[in-house]
Structure formats: structure tokens, C-alpha cells
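Here is the structure we will look at, set down as C-alpha cells.
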Amino acid sequence: MPAKTTPVVHRLCAALLVALAAPVAAQAQEASTTPDTPSVKTLDQITVTGSRIRRADAEESLPITSFSKEQIDAAGISSAEQLLMQLNIAGNGSDNLASNGGIVSEEQRGNNGVSGANLRGQGADATLVLLNGRRVATHGLKGRAVDLNAIPFAAIERVEVLRDGASAIYGTDAIGGVINFITKRDFQGAQVSAFVDYTEAGGGNVQRGSILFGTGDLDKDGWNAFGTLSIKRNTILRGSDRDFSNTFQPDRGLSPDTRGTPFANVFSLGTTGVGSTSLLKSGVFEPGNATRLTAVNIFNLPGAAGCESAGDDMGPYAYRIWNSAASKYACAWDYPAAAVIQQPQDSVDFIGRATFRIGTTHEAYVEMTASKVDVAKTFEPNQISSSTSTAATALGPSTWFPRDINNPATYDAVYDALAAYFGAGQLGARGTPIAYRWRCEACGPRQIETTTKSYRFVAGIGGLVGDWNYDVGLTRGSSKSESILGTGFHYTDALKQMLGSGLLNPFLPPGQEQSAAAMAALDAASAAGVKLYGGESIVTSLDASVSGDLGFFKLPGGNIAMAAGIDLRREEFRFDGDQRADKRTVFNAPFDDANALGNVNRDIKAVFVELSLPVFKNFDINLAGRYDDYSGFGGTTNPKVSFKYRPFESLLFRGAYSTGFKVPNFNQLFNGLSEVQYVGLDLADPETCPTGVANPNVAGCDVIRPVELFGGNAALAPEESKQKSFGLVYSPMSQFNVAVDWWEIERESTIRAAPRDTLIQYYDLFRDNWIRDSSGEVVAIDRRYINSGGSLMRGVEVDANLNGELAGGRWNVNLNGSLITLFKTKALEALPYSPNLVGKYVRYFNLPIRWKHTLNFGYSRGDWSHNLSQFHRDGYFDEPPPSVANGSYIPPAWKPRVDGYTTYNYSLTWTGIEDIKVTLGVKNLTDKDPPFTAHQNDFAAGAAWEARIADPRGRAYSLLFEYSLW
């Protein structure tokens with residue numbers, strides 16, 4: 001943890017403030033004698049993301065990727081999320097809406113409707129997002145990362161992506177890099193635009209409309225004001241809408257791990273106690289098989305019709321893959337394919353800005369952004385287990401299926417099928433209630449509706465005082481979110497009554513529907529509209545900076561340029577938890593009352609300075625440093641040194657070294673204790689099974705399913721990082737240039753939920769994290785946040801451009817690529833790094849594929865512009881199925897590698913009528929399906945495809961129409 005602020009540090013900060021104020025005061029006196037200083041001085045210099053010094057050539061000395069509005073439109077990109085998905089330097093993390101399907105634990109609660117920016121695979125919470133160079137409030141449910149859905153994308157003028165660490169300039173979170181969304185600064189006239197993006201196969205369509213209006217000429221009138229309003233809709237794309245979304249491929253190592261099926265499986269619930277009093281008692285045996293069978297579906301018994309005939313998307317449970325011979329005759333249901341691939345989303349956003357010229361060299365401005373985003377996360381219906389467990393998905397023996405007046409025929413059909421194969425002597429007497437596991441399709445798909453309202457207000461003044469630029473701004477921003485239950489959730493007491501009475505029938509034969517009385521009871525028990533939780537993240541800041549040449553210092557290469565400033569910021573966060581007066585239980589609803597937080601806050605005081613030293617005419621060094629003081633943490637200082645060397649006109653070398661940091665968010669510090677049931681079948685007790693991998697053929701390696709405990713840790717320290725980069729830019733002629741940059745990021749004291757693999761591998765160190773009952777059985781694993789270990793990542797980025805003339809027009813070819821050469825992690829600071837993980841499957845977060853690129857060909861002639869792009873993502877080694885991991889069974893068609901993924905987009909733009917622009921586009925020209933992957937669906941989205949890599953929409957057609965009214 002950084003040391004607490006000392007009086008010496010306070011004096012240092014005060015001295016720095018005096019130093020940065022002195023040149024402004026001196027130049028102010030000079031400015032008073034030259035009132036006609038032309039304002040054009042502010043127009044030929046810009047502030048580029050990653051530097052506070054205003055200059056004309058910053059982009060060549062910094063590794064920056066820039067996208068103009070024209071490039072974004074030509075690519076048919078309609079949102080910040082789509083831009084990040086096509087950005088090669090963006091990591092392949094669970095940061096898009098397609099990666100966030102299904103119910104989640106507190107650790108990923110903030111993913112309800114959130115899209116994040118993740119550069120260089122460092123995570124959305126280690127990538128700084130700016131809007132017009134200033135911070136944006138993080139999402140209200142989590143307070144961890146900025147929601148890209150709140151960015152006013154229709155007003156974007158350009159997007160700058162700094163591919164380097166920037167804590168020395170911006171402070172916390174800028175480890176992976178910085179993405180700066182830059183909107184229009186002034187506008188005159190009126191413009192309307194409409195955009196549609198429709199898929200050929202249906203579902204997942206995008207619609208957007210916007211209007212832009214501005215008036216006032218800064219030079220003539222001394223003021224300008226404009227505003228833009230945009231409305232957007234993403235329609236739902238269901239897993240069932242795409243053939244490749246199918247997890248019933250057991251020969252390839254993929255099959256759903258669920259025995260909750262639309263036609264229920266009959267279960268045995270133990271050899272003793274109340275569980276042994278159900279129909280299946282303590283399990284049954286078949287002739288010649290010594291394995292006790294504890295889960296049986298009558299449609300999967302020898303000679304029966306088969307699981308496929310029992311209900312939609314059902315199939316045999318792949319017991320070999322899941323190491324569960326006791327479920328040999330169970331059925332499964334394709335719940336991953338039932339999830340929604342693209343969540344339906346409606347959004348409206350506004351940005352307005354007014355600028356007022358004061359004299360000839362000063363401008364005051366106010367800026368207001370506001371947005372409302374509605375996202376409906378929709379996923380599979382509830383699984384209901386009538387077990388004796390206290391787990392969230394269990395309802396207990398009072399819901400066992402009875403033989404009564406409502407369903408004697410159904411009960412007898414199940415009893416007779418079991419008795420015919422196993423013998424009535426192994427079963428309870430006819431009339432004994434049946435324990436089961438069932439997928440309640442009649443309950444409807446589960447839905448969580450999240451509304452996020454965001455605003456940001458900025459007031460500032462900037463300009464020239466003599467030859468010095470200055471900018472002062474006051475910012476207030478908020479992101480306020482609320483999640484409510486939609487369809488698919490019901491009050492537990494009413495649901496138990498319906499099941500225990502036999503009104504709801506979990507053994508409904510194919511082709512039959514629940515009774516009208518049952519459906520009416522379900523409607524009456526619906527919890528739709530119940531608020532789950534809400535939260536708000538607020539940031540208030542005052543920043544001031546100056547930039548100019550130190551005329552009294554000069555080096556052989558020219559004047560020294562300096563920028564310096566202060567940043568005073570307050571961050572606030574609250575999380576409501578369950579605020580209902582009536583705490584009536586809703587079955588399987590992910591309330592999060594344990595993590596309710598009042599209005600927690602912290603204050604940040606920061607000063608920074610940056611110097612550009614032209615040591616020689618062709619060699620510049622840039623020095624930057626920032627000191628941040630956090631209430632509750634103390635101070636941290638982060639320097640950066642970079643250089644630019646041009647041995648001759650066509651060749652430039654550049655490089656940098658810096659340190660960075662990321663402070664814990666409020667959830668990581670203060671969350672309460674949450675319990676999450678472990679649902680996999682691959683975990684064993686490391687006390688008796690050192691590998692921790694369940695294997696029925698190894699003594700002591702039986703399957704365990706404990707709860708996992710998550711929560712905050714007030715003793716957390718900030719993460720720290722070191723960044724290095726070295727590159728060159730070669731431009732031998734105006735028709736060709738290439739930039740190549742090598743980079744390395746090393747992170748230490750990583751903040752994360754205690755990794756399960758670490759707790760297993762170093763069991764002796766973490767023995768206390770395995771919580772046991774009086775008999776010694778593992779009942780819980782403590783995985784609360786810790787500072788633990790780190791990561792090391794290296795890569796190379798390339799950008800090459802070639803252009804020329806052909807047939808009266810101009811053509812250009814661009815190759816932009818990202819190569820990851822090294823990705824290693826370590827669980828503890830004192831341990832060596834792991835083997836290289838590049839090209840291997842990694843759960844949850846970033847998937848480190850080796851190479852990805854965009855190859856673009858453009859041709860323009862007259863009023864027509866063509867654009868053809870190739871997008872490629874390398875293949876990688878897949879996550880092995882549990883049976884492959886422990887060597888117990890190898891599926892016959894199992895392939896260890898996932899294929900590469902290459903798609904093509906084409907667009908045509910026409911500007912033949914004045915004030916009108918039309919762009920037609922085709923995405924995924926060849927209608928390429930995502931490559932197959934057998935990754936486990938309990939831990940990642942995507943049924944047989946990888947949501948972190950691929951676009952599931954298929955071929956799509958887009959149309960952009962833009963009309964300038966005046």
C-alpha cells in the first residue's frame with residue numbers, strides 16, 4: 001500500500017503548483033500589451049490523447065490509433081461496442097453483450113447491460129475511457145468500468161486509442177491504454193441521419209436515427225451552440241436462431257451439463273434420511289452394472305423412444321464426458337442454446353455544447369451529455385430441483401411429484417417404466433412421491449431488465465495567455481442503474497404449492513401443455529417488476545492545466561515545452577441491494593442484499609508535469625510524472641519517460657517506459673459476503689485429491705460441489721504495473737508508410753477473487769480457505785478479493801499503408817495487426833511465472849489469441865468510394881472437456897484446436913447529390929459461421945462458439961443515409 005501523504009509531499013505539491021502558475025502569470029502580463037494576438041495560434045496545434053502538451057506532430061511520437069467519423073461510417077459501425085470488437089488492439093474479453101448472457105454472480109453483476117473497453121487484454125477496469133479528454137462515471141451497478149453504451153456515438157468526430165500506459169498523465173486505470181471518444185466541438189446547420197443493419201438469417205438487427213442542429217459562428221458571432229439527439233435499437237437474437245448454437249455434439253466433446261429437462265429426470269437423493277424416501281430411493285442398479293444409478297429419464301431407458309422425443313432440444317446426458325456414470329440413463333437439455341445471443345437494447349442519448357469566445361484568444365464552454373439505456377438480459381427458464389438441498393435451485397421434498405387426482409396417469413407412466421426395467425423391488429411403493437429435476441419451460445425465459453441513466457456536465461474555459469495554452473474545467477458525471485425482474489421469475493411459496501399439489505406437471509408428455517389452471521397460477525405468482533437492486537456512480541472533478549514553451553530554457557534542438565496541471569476529484573458510489581419492504585422470496589432471483597453499500601466516497605488530489613526536451617534537432621525526450629493522493633490509501637507517484645529519434649526524414653524510432661496503477665473499486669473494498677453454488681462436476685477435495693480434478697476412477701477424487709464465498713477486502717492495496725514499448729515508423733515515400741511497435745505490460749498485486757486453481761495448487765498455503773463441516777467434508781471455499789500474483793504480457797502491433805492512383809481514382813491498402821507473443825501469470829508474488837498461455841483457452845477474461853488483423857482495401861473515384869475489409873482471428877487450443885482433462889474418456893471427434901476465424905465486409909458510399917451521403921454495406925460477405933469450440937458453458941457464454949471472438953449475426957446488410965438540411 002502506498003505510504004500516507006507527508007508534510008514534505010504537501011510542500012512538494014505546493015511548490016509544483018507555484019511553478020506551473022508562474023509562467024501563466026508572467027505571460028498574462030505580456031498578453032495585456034498584445035491584445036490582438038491572433039486566435040489561429042490555437043488552431044494549428046492539438047492535444048493528442050496521452051500528452052498534455054499541445055503540438056502539431058504528437059501522433060508520430062505516440063503509438064496512437066485514430067478513427068475518423070468517415071472511417072467508422074464506411075465500416076458500418078453503429079456503436080462503441082462494435083468498434084471495440086473490430087479493434088485489433090482490444091482484448092478478447094467478456095466485455096460485449098453477447099458474452100454476458102445468463103445469470104451471474106456478484107463478481108459479474110455489473111455486466112447486466114454493460115459493454116466495456118478492454119485494451120491489450122488488461123481488462124475493462126484497467127482501460128481508461130475518456131470523453132473529450134475527461135473521465136466518465138463508471139457504470140452504476142458495479143462502479144468498475146465505463147459503459148460504452150452511454151457514449152453519444154452519433155456525435156463522434158473521431159476516436160483516439162493510445163496504445164500505451166498513461167498513469168503518468170491520467171492517473172488510475174490507464175494500464176492497458178486509453179480510448180478517447182472525441183465529439184464535435186462546434187457545428188452550424190442541421191443534419192439528419194438514419195442507419196439500419198439487418199441480418200439475412202433474422203434477429204439481431206440494429207436501427208439508429210439521429211438529428212444534429214447547430215447555430216452561431218465563433219469567428220463572426222463569437223459563439224456557437226449545437227446539440228445532437230440519437231435513438232438506437234438492437235433487436236433480440238436468440239441462440240435458437242442460429243444452427244451453430246448447439247451444444248449437443250458429444251462426439252466432439254461438447255454436451256450440456258444439466259439434468260434439468262423439460263420432461264423431468266427422476267432423481268435419487270441419498271442413501272439415508274428423507275432423500276431415501278423418494279420413489280427412486282437411494283438409487284437403482286441394472287443387471288451387469290455395479291454403478292448405482294441416481295438420475296434416470298424414462299425416455300432414455302433401453303428400448304424407450306429416446307431423449308430427443310421427450311421434448312424440444314433434449315438429448316442423452318453425456319455421462320462419459322462429465323464423469324458421471326450414475327447418470328447413464330439421464331437426459332439433458334440444451335440450455336446454452338436457449339440463451340439470448342444479442343440482448344435487446346433501446347437507447348437514447350443527447351449531447352449539447354455551447355462555446356463563447358472571449359476576446360480573440362479565450363473560449364468558455366459548457367457541455368452536457370445525457371443517455372438512457374434499457375437492456376433486457378434474457379436467458380433460459382428456471383431449473384427446478386425437488387431435492388433436500390438448501391441450494392437456490394432446490395425447493396425441497398414438499399414439491400415431490402405426488403400421485404393424486406391431478407395426475408394419476410402421468411405418475412403411473414413414470415412408475416411403470418421404471419419398474420419394468422429396474423424391477424418394482426428397487427423402487428418405493430406405488431404412490432411414493434417422485435423427486436426430480438425439471439426445466440420449467442412453462443415458467444418462461446428468465447429476464448432481467450436494466451435501465452441506466454447517465455449524465456455529464458462540463459463547464460470550462462481555455463485559450464491563450466501570451467504563448468501559453470491553458471484549460472480549466474469543472475465536471476460532474478453520474479451513471480445510475482436499476483435492475484428489475486422480467487418474465488420467468490416466480491414467488492417461491494406459490495411455486496412450491498403448485499408443484500406439491502401436482503398442479504404443475506414436470507412429467508408432461510410431449511405434445512401436451514400445462515393446464516389452464518396451472519398457467520393462471522403461474523401468472524398470479526409472477527414476480528415481474530420486482531426491483532433487484534440499483535446503484536449509482538458519481539464523479540466530480542476540477543482540473544486545470546497549462547502548456548507552452550519555456551522560453552528561458554533552450555536545448556540544441558529547440559525550446560523546451562512543458563505542461564503541468566492539477567486534478568481534484570471526488571468519486572462516490574452506492575448500491576441499494578434489496579430495498580423491498582416485503583422480502584417475500586422469489587425463486588432463484590439473484591438479489592444481492594449482502595453487498596448493499598451506502599454512499600461511500602473518496603477524494604483524489606493529483607498534480608502532474610510533462611516536459612518535452614528537444615535534446616538535438618532529431619532527438620526528443622519526453623518526461624512526465626504524476627502524484628496522486630487517495631483518501632484511505634495515501635499517495636502514489638508514477639513517472640513516464642519516452643523518446644523520439646529521427647536519424648533521417650523517412651525513419652523514426654520511438655519508445656517509452658512508465659509505471660501505472662489501478663486502485664480497488666468500492667465493491668472490491670466493501671462488499672459483503674455472498675455465496676455462489678459451484679455447479680461443475682470437475683472439482684475434487686485437494687486434501688484427498690492433490691490435483692483437485694474429479695475422477696471417479698481415482699480414490700479420493702470424488703466430485704464435490706461446495707458453495708464459493710465472495711466479498712470485499714478493506715485491506716486491499718492498489719495494483720501496480722510497468723509498461724515498456726519500442727517502435728519505429730518508416731515512410732520512404734508518400735505512397736507508403738509502416739509502423740511497428742513492441743510492448744510489454746507487467747502487473748503486480750493483481751486484485752482478483754482468490755483463484756480456485758491457486759487455492760488448489762497451493763493448498764498447503766490456503767488450507768484455511770477450504771471450509772469444512774464437522775465430518776471433514778468441504779462445504780465452502782473462501783474466494784474473497786485478494787492482492788495476488790501478477791501477469792506479464794508482450795506483443796507487437798503493426799500498421800502499414802500503401803496508396804496510389806488507378807483509372808482516375810485513388811486506392812489505398814491498410815494492414816493493421818496485433819501479435820501477442822507472451823502471456824504468463826503467477827498466483828503469488830514469490831512464485832515464477834506460468835508457462836506461456838498465448839494461443840490457449842483462458843476462462844472468464846481475456847482470451848490470448850496469437851494474431852489478429854484487419855486488411856482493408858479502399859478505392860475512391862468521383863462520387864463513389866469502395867471499401868473491402870478482411871478480419872482475421874487466429875485459432876487456439878480449446879478448453880478440454882472434463883473427461884479429456886482427467887484422461888477418463890476421449891470423444892472420438894474431439895479436436896484440441898479451435899479453427900481460425902476470417903470474415904469479409906464490403907461497403908459502397910455515394911455522395912452524388914449535394915448534402916446527401918448514402919453508404920450501403922454487407923457484413924460477413926461469405927456468411928461465415930463462428931468456429932466450433934467445446935468450452936464449458938457453465939463458465940462462459942456461447943453454445944459451441946466463442947462470444948469473445950466471433951460475430952454470431954452472420955451475413956448482414958446495412959444502409960446509412962445522411963442529409964444536411966442546411
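Any value given below was found using the heavy atoms of this structure, including those in side chains, with hydrogens, waters and symmetry copies removed.
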Are side-chain N/O atoms of T378 and Q343 paired as donor and acceptor at under 3.5 Å?
-> no

Is the closest side-chain donor-acceptor distance between D603 and S631 under 3.5 Å?
-> no

If we only count heavy atoms from C-beta on, is the R705 to Q677 side-chain gap below 4.5 Å?
-> yes

Indicate yes or no for a side-chain donor-acceptor contact from D773 to the backbone of E777 under 3.5 Å, with no hydrogens or angles considered.
-> yes

Does a side-chain heavy-atom distance below 4.5 Å link L395 with L495?
-> yes

Can R756 and E708 be said to form a salt bridge (Lys or Arg N to Asp or Glu O under 4.0 Å), step by step?
-> CA-CA 9 Å; R756 189 185 310 110; E708 296 186 303; 2.7 Å; yes

Could you tell me whether a side-chain N or O of S501 sits under 3.5 Å from a main-chain N or O of M498, the two making a donor and an acceptor?
-> yes

Would you please say whether a donor-acceptor pair under 3.5 Å links the side chains of D493 and T585?
-> no

Pair Y335-D938, side-chain donor/acceptor within less than 3.5 Å = yes

Answer whether the closest heavy-atom distance between the side chains of E720 and T636 falls below 4.5 Å.
-> no

Got D374 and S347 here, is their nearest side-chain heavy-atom distance under 4.5 Å?
-> no

Indicate yes or no: at least one non-hydrogen side-chain atom of P686 is less than 4.5 angstrom from one of W770.
-> yes

May I ask you to check whether N769 and R783 show a side-chain donor-acceptor distance below 3.5 Å?
-> no

Mutual orientation of the aromatic rings belonging to F633 and Y630 [parallel < 30°, tilted 30-60°, perpendicular > 60°] | perpendicular

Within the side chain of T540, is there an N or O that forms a donor-acceptor pair under 3.5 Å with the backbone of R570?
-> no

E829 to G789 - nearest heavy-atom pair and separation | OE2-O, 2.8 Å

Taking atom types as modelled, is there a side-chain donor on T475 or R569 under 3.5 Å from an acceptor on the other?
-> no

Indicate yes or no: does D582 engage R584 in a salt bridge with an N to O separation below 4.0 Å.
-> no

Give the minimum heavy-atom separation between R752 and K826, together with the two atoms involved.
-> NH2-O, 3.2 Å

Would you confirm whether D592, through its side chain, and D578, through its main-chain N or O, come within 3.5 Å as a donor-acceptor pair?
-> no

Check the angle between the aromatic planes of F489 and F379 and answer parallel, tilted or perpendicular using the 30° and 60° thresholds.
-> perpendicular

Give a yes or no on this: more than 12 heavy atoms of other residues, nucleotides or ligands lie within 6.0 Å of atom CG of N599.
-> yes

Report yes if the side chains of I448 and P590 come closer than 4.5 Å at any heavy-atom pair, otherwise no.
-> yes

Does R772 reach the side chain of E687, with side-chain heavy atoms less than 4.5 Å apart?
-> yes

Taking it one step at a time, do V703 and N323 satisfy side chain to side chain contact (heavy atoms under 4.5 Å, CB included)?
-> CA-CA 9 Å; V703 172; N323 303 309; 5.8 Å; no

Check: Q579 side chain, D576 main-chain N or O, donor-acceptor pair, under 3.5 Å | yes

Just by modelled atom types, is the G700 backbone N or O under 3.5 Å from a matching donor or acceptor in the T688 side chain?
-> yes

Check against side chain to side chain contact (heavy atoms under 4.5 Å, CB included), L709 and I771 = CA-CA 10 Å; L709 307 179; I771 301 169; 3.6 Å; yes

Would you say the side chains of T258 and Q383 form a donor-acceptor pair under 3.5 Å?
-> yes

Going through the distances and angles, do E572 and R476 end up as a salt bridge (Lys or Arg N to Asp or Glu O under 4.0 Å)?
-> CA-CA 11 Å; E572 303 172 68; R476 172 81 170 183; 3.7 Å; yes

Please indicate whether E675 has more than 12 foreign heavy atoms, meaning atoms of other residues, nucleotides or ligands, lying under 6.0 Å from its CD.
-> no

Hey, would you say the F575 and Y533 ring centroids sit under 6.0 Å apart?
-> yes

Within the distance-only criterion (no hydrogens, no angle test), does the side chain of D782 pair as donor or acceptor with the backbone N or O of R784 below 3.5 angstrom?
-> yes

Test log, rule side chain to side chain contact (heavy atoms under 4.5 Å, CB included), inputs N787 and I751 | CA-CA 5 Å; N787 290 100; I751 301 170; 3.5 Å; yes

Start with the C-alpha gap between L597 and R574, add the side-chain angles, then the distance that decides, and say whether side chain to side chain contact (heavy atoms under 4.5 Å, CB included) holds.
-> CA-CA 5 Å; L597 294 176; R574 67 171 178 81; 5.7 Å; no

Could you go step by step and tell me if T825 and S791 meet the side chain to side chain donor-acceptor pair (under 3.5 Å) rule?
-> CA-CA 4 Å; T825 64; S791 63; over 6 Å; no

Could you go through the side chain to side chain donor-acceptor pair (under 3.5 Å) check for S386 and T399 one step at a time?
-> CA-CA 6 Å; S386 62; T399 62; 4.6 Å; no

Under 3.5 Å side-chain donor-acceptor pair for S327 and R259 = yes

Check C701 against V693 and note the closest heavy-atom contact, atom names and distance.
-> CB-O, 3.9 Å

Under the 3.5 angstrom rule, does the side chain of R767 hit a backbone N or O of Y762 as a donor-acceptor pair?
-> no

Any donor and acceptor pair, going by atom type alone, linking the side chain of N118 with main-chain N or O of G123 inside 3.5 Å?
-> yes

Test item: F591 and V586 side chains (from C-beta on) under 4.5 Å apart, heavy atoms | yes

State, to 0.1 Å, how close T452 and S481 come at their nearest heavy-atom pair, and which atoms those are.
-> OG1-OG, 2.9 Å

When you measure from the centre of the six-membered ring of F587, is the NZ or CZ of R446 under 6.0 Å away and within 45° of the axis?
-> no

Does NZ or CZ of R602 fall inside the cone over F666's six-membered ring, less than 6.0 Å from its centre and within 45° of the axis?
-> yes

Is K662 salt-bridged to D125, going by a charged N under 4.0 Å from an acidic O?
-> yes

Side chain H935, main chain A943, donor-acceptor under 3.5 Å | no

Are K377 and E449 ion-paired here, with the side-chain N under 4.0 Å from a carboxylate O?
-> no

Distance-minimising heavy-atom pair for I786 and S788 | CD1-CB, 3.4 Å

Heavy-atom nearest pair, P445 first then T487, reads O-OG1, 2.7 Å

Verify whether one side chain among Q345 and N149 offers a donor that lies under 3.5 Å from an acceptor in the other.
-> yes

Give the intermediate values and the outcome of side chain to side chain donor-acceptor pair (under 3.5 Å) for residues S479 and S537.
-> CA-CA 5 Å; S479 174; S537 174; over 6 Å; no

